[in-house]
2 protein chains.
Amino acid sequence: MARPATEELRRRNRSALLDQLHRHGPQTRAELTEALGLNRSTIGALAADLSQSGHIRETTGRSTGSAGRPSTLVECVAEAAQVAAVEIRSGLARLSVVGLGGAVLERAEAPLEADIEPLEAAATVAHLLDGAGVADAVAAVPGLVEGPIVAYSSELGWADRDFGTDLLKATGRHWRMVDTATAAAVGEWSRGDAGGSANLLYLHGGRGLTAGVIVDGRPRCGSSIALGHLVVAPEGAECRCGLRGCLEVEMGASRFAEAVETTTVAAWMGDSVARQTVRRSGECLGRALGAVVTATNPDEILFGGWLRELYLASAATVRSSLAATTLPQLRARLRLRTPALGAEGPLIGAAETGFEALIDDMR
Amino acid sequence: MARPATEELRRRNRSALLDQLHRHGPQTRAELTEALGLNRSTIGALAADLSQSGHIRETTGRSTGSAGRPSTLVECVAEAAQVAAVEIRSGLARLSVVGLGGAVLERAEAPLEADIEPLEAAATVAHLLDGAGVADAVAAVPGLVEGPIVAYSSELGWADRDFGTDLLKATGRHWRMVDTATAAAVGEWSRGDAGGSANLLYLHGGRGLTAGVIVDGRPRCGSSIALGHLVVAPEGAECRCGLRGCLEVEMGASRFAEAVETTTVAAWMGDSVARQTVRRSGECLGRALGAVVTATNPDEILFGGWLRELYLASAATVRSSLAATTLPQLRARLRLRTPALGAEGPLIGAAETGFEALIDDMR
DNA sequence: TGTCATATGTTGCTAACAGCAACAAATATC
DNA sequence: GATATTTGTTGCTGTTAGCAACATATGACA
């Protein structure tokens, strides 16, 4: 290593300080001292560094109410580092520009044509981004994502498409790629209220059905989960992917996705045909979940996208068919719930992925 | 932190050096310099520390064959830190005492009664260990292990038993607990030749059927996978666990386990009844694997215990029924094979778990 | 209103660490 | 046997975080 180890240490501490502020919001220097386990004078020096470089701002402290010299409050400067997060869906591209500390500085969205090609989608993203000066960029795509490649996406109808390179061509910059469900899982993990569980499973319902995982407190990067292509009925109908009896076909994912997009949830749930579909789909979901829970043993399952509506409408059904296919010891710890961040989860999580890389690279 | 940060840095480097030697065997100081990215003089100082404390031994260097001063060879002193690893099976407890660097210093085994109680098993372990002076102790149990608790073990017939505390009572010391499959996965990962894949799934066939996972290059600790209780036939026969159609019942796990234990593999495979059972079970395994692969997306699957024999006898069947239930994009990267360490995997991996903790605690 | 207790920021100093450069040692090559 | 080459050793340096003493700013209480 060319860099001296002492400097390395300093960088690590500096990045830890910024990370702490980014994740947990404005704090006093005294609190930072406590949180990082460093000396007051060290925190002072680190804060001076980061203040100099414009990453943080120190304001005169709020009165604590108790005796003693008031602490100076430290907070991130949102404009100091910005990350662009894009979510690609069927029919829609959404952009958020997020600042250091997690504030959303800009939003934009644009429609996408049906059956759009990756390069065209990338062009739309370029238009949305429009030269915004961001330090990192992350794209969330629903499906099986491997590095820059979208290996398979039911929702977009893409298979083995190099969307990462298309984004590079269209925007002139490198994009990190994640799958929508993993992004949402990261979002809930870092900014939602799922902080407690070390093993989190996020299910995302769109035109297809994908899953994202946090394992032992770390987002599982590098390989995503195409849960919609879990085969639940070996003799079932053929799926576009070539297999038979895929979960997303058996559950009627596209119908749900449309229903949630086009009608109000209340009207949709009132429909008697829909009600029966909901029950049947809830059952199907529960059984599929049984396999997934047995195979991955999570602490918490979150239902995102239209799965949220389905779960809310059929929680009892889901639970009982889950119970028929999992050991009680697995269910004991398991919590089922809906995401706290709603539809913003994927964008927030994607941005968070960018910030993690950014802050890590400061070391 | 009470400790100065500079000392912390030293400890980290010292532990990294020892870790490097433990994992990759004897190396010259020049190689260590390269591997750790530290300066020659730093390596010298660290080696002096560890030599002083007795953890390593420096011998006069082997002649490299090329010009230059010969390098001094550094190696772990096996006796300097020892870990006891125990594997509990139906009918048998096996012990290895492993030294720093991975050398097996002692072996012992003892029969266990059928339907043994945890406390009795712990007593047998105490007898096997017999006051050996080990720095850490790890027990591998087949089933769902959560901290000191065996939540469910088909093989031992235990449910929610506090085996960890029983071991503490019987041996007077703390035991780390892992499930057999995760231990074996760690073994293959660290000492087998699975070093390449970041996501590894190890299937262990005993009286029951469990799985262990390496995710993104890290063993997934804290929660194991009772794969035998994946429900593959909702209308199937009732299992001892209370569910219906569990994989291990449908596959006839106990019959396989017995067959492998009692007859030679060749004779067993020659049997025409067995041959049909093998085909059917291979098919069943393949379909179950489809669900697991879809839900976890591994790079590599290893078949341990009697699954090794089953896989070798029916690889084509397993592959084809796997193909019917997984996306081609998932299969593209996937490798199926048998473990390099054979039956030693669980013990080696369990010991490795202990060493990781031990070396980590030096920091 | 003033004094004291309390909590926090600041400053100068210290111990320890890793890196560096110069030197010493030990081998291969010619 | 002379030289090139690689590696270990030694003394020195720059940087770091911790510490202690001091300065600063508030609340509590008389």
Side-chain angles (χ1 to χ4, degrees), chain A residues 1-18 20-21 26-53 56-75 362-363, chain B residues 1-18 20-21 26-53 56-75 362-363:
Chain A
M1 212 166 299
R3 272 206 298 265
T6 47
E7 187 185 326
E8 192 72 25
L9 181 55
R10 175 71 133 200
R11 293 171 86 99
R12 229 207 296 282
N13 285 337
R14 197 159 45 204
S15 118
L17 174 49
L18 196 57
Q20 173 74 15
L21 287 172
Q27 286 159 79
T28 67
R29 271 166 59 163
E31 286 165 342
L32 289 170
T33 300
E34 173 75 13
L36 298 187
L38 296 171
N39 195 279
R40 284 201 299 234
S41 46
T42 308
I43 295 292
L46 295 172
D49 278 15
L50 287 168
S51 197
Q52 177 77 24
S53 63
I56 64 170
R57 182 171 24 226
E58 296 192 89
T59 66
T60 50
R62 60 175 180 235
S63 201
T64 64
S66 68
R69 173 175 173 170
S71 209
T72 50
L73 194 69
V74 187
E75 60 184 343
M362 288 183 45
R363 299 191 322 176
Chain B
M1 213 165 299
R3 270 207 299 265
T6 49
E7 188 186 326
E8 192 73 24
L9 182 54
R10 174 71 132 200
R11 293 172 85 99
R12 229 207 295 282
N13 284 338
R14 199 159 42 204
S15 118
L17 174 48
L18 196 57
Q20 173 75 15
L21 287 173
Q27 287 160 78
T28 67
R29 269 163 67 163
E31 285 165 345
L32 290 170
T33 301
E34 174 75 13
L36 299 187
L38 295 171
N39 194 279
R40 283 202 299 233
S41 46
T42 307
I43 295 292
L46 295 172
D49 278 15
L50 287 168
S51 198
Q52 179 76 25
S53 63
I56 65 170
R57 182 172 23 227
E58 296 192 89
T59 66
T60 51
R62 61 174 179 236
S63 200
T64 64
S66 68
R69 172 174 173 171
S71 210
T72 51
L73 195 67
V74 188
E75 59 183 345
M362 288 184 46
R363 300 193 320 177

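First the proteins, then the strands, lettered A, B, ... as listed; each starts at 1. Computed from a predicted model, the values in this text were never measured in an experiment. Side chains included, hydrogens not; waters and symmetry mates left out as well; all remaining heavy atoms used.
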Any heavy-atom pair between the side chains of [Y] and [X] that's under 4.5 Å?
X: A:Leu46; Y: A:Arg10; answer: yes
X: A:Leu17; Y: A:Asn13; answer: no
X: B:Ile43; Y: B:Val74; answer: no
X: A:Glu31; Y: A:Gln20; answer: no

Mind calculating the distance between [atom1] ([X]) and [atom2] ([N]) to the nearest angstrom?
X: B:Ile43; N: C:dC20; atom1: CD1; atom2: P; result: 13 Å
X: A:Glu8; N: C:dG19; atom1: CD; atom2: P; result: 10 Å
X: B:Leu73; N: D:dT6; atom1: CG; atom2: P; result: 19 Å
X: A:Leu46; N: C:dT10; atom1: CG; atom2: C1'; result: 15 Å
X: A:Leu36; N: D:dG18; atom1: CG; atom2: C1'; result: 15 Å
X: B:Asp49; N: C:dC17; atom1: CG; atom2: C1'; result: 11 Å
X: A:Glu31; N: C:dG9; atom1: CD; atom2: C1'; result: 15 Å
X: B:Arg11; N: C:dA16; atom1: CZ; atom2: P; result: 14 Å

Check whether any side-chain nitrogen or oxygen of [X] sits under 4.0 Å from OP1 or OP2 of [N], and answer yes or no.
X: B:Arg29; N: D:dT9; answer: yes
X: B:Asn39; N: C:dA18; answer: no
X: A:Thr72; N: C:dG9; answer: yes
X: A:Ser71; N: C:dG9; answer: yes
X: B:Thr42; N: C:dG19; answer: yes
X: B:Asn13; N: C:dA18; answer: yes

Starting the side chain at C-beta, find the nucleotide from [options] nearest to [X].
X: B:Arg10; options: C:dA18, C:dA28, C:dG9; answer: C:dA18
X: B:Leu38; options: D:dA25, D:dA17, C:dG19; answer: C:dG19
X: B:Ser41; options: D:dT24, C:dA26, C:dG19; answer: C:dG19
X: A:Arg69; options: D:dT7, C:dT8, D:dT26; answer: C:dT8
X: B:Pro70; options: D:dT16, D:dT9, C:dT27; answer: C:dT27

Between B:Arg12 and B:Glu8, is the closest basic N to carboxylate O distance under 4.0 Å?
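B:Arg12 and B:Glu8: not salt-bridged.
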Answer yes or no: side-chain N or O of A:Arg40 and base N or O of C:dG9 forming a donor-acceptor pair under 3.5 Å.
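When only heavy-atom distances are counted, A:Arg40 does reach the base of C:dG9 through a donor-acceptor pair under 3.5 Å.
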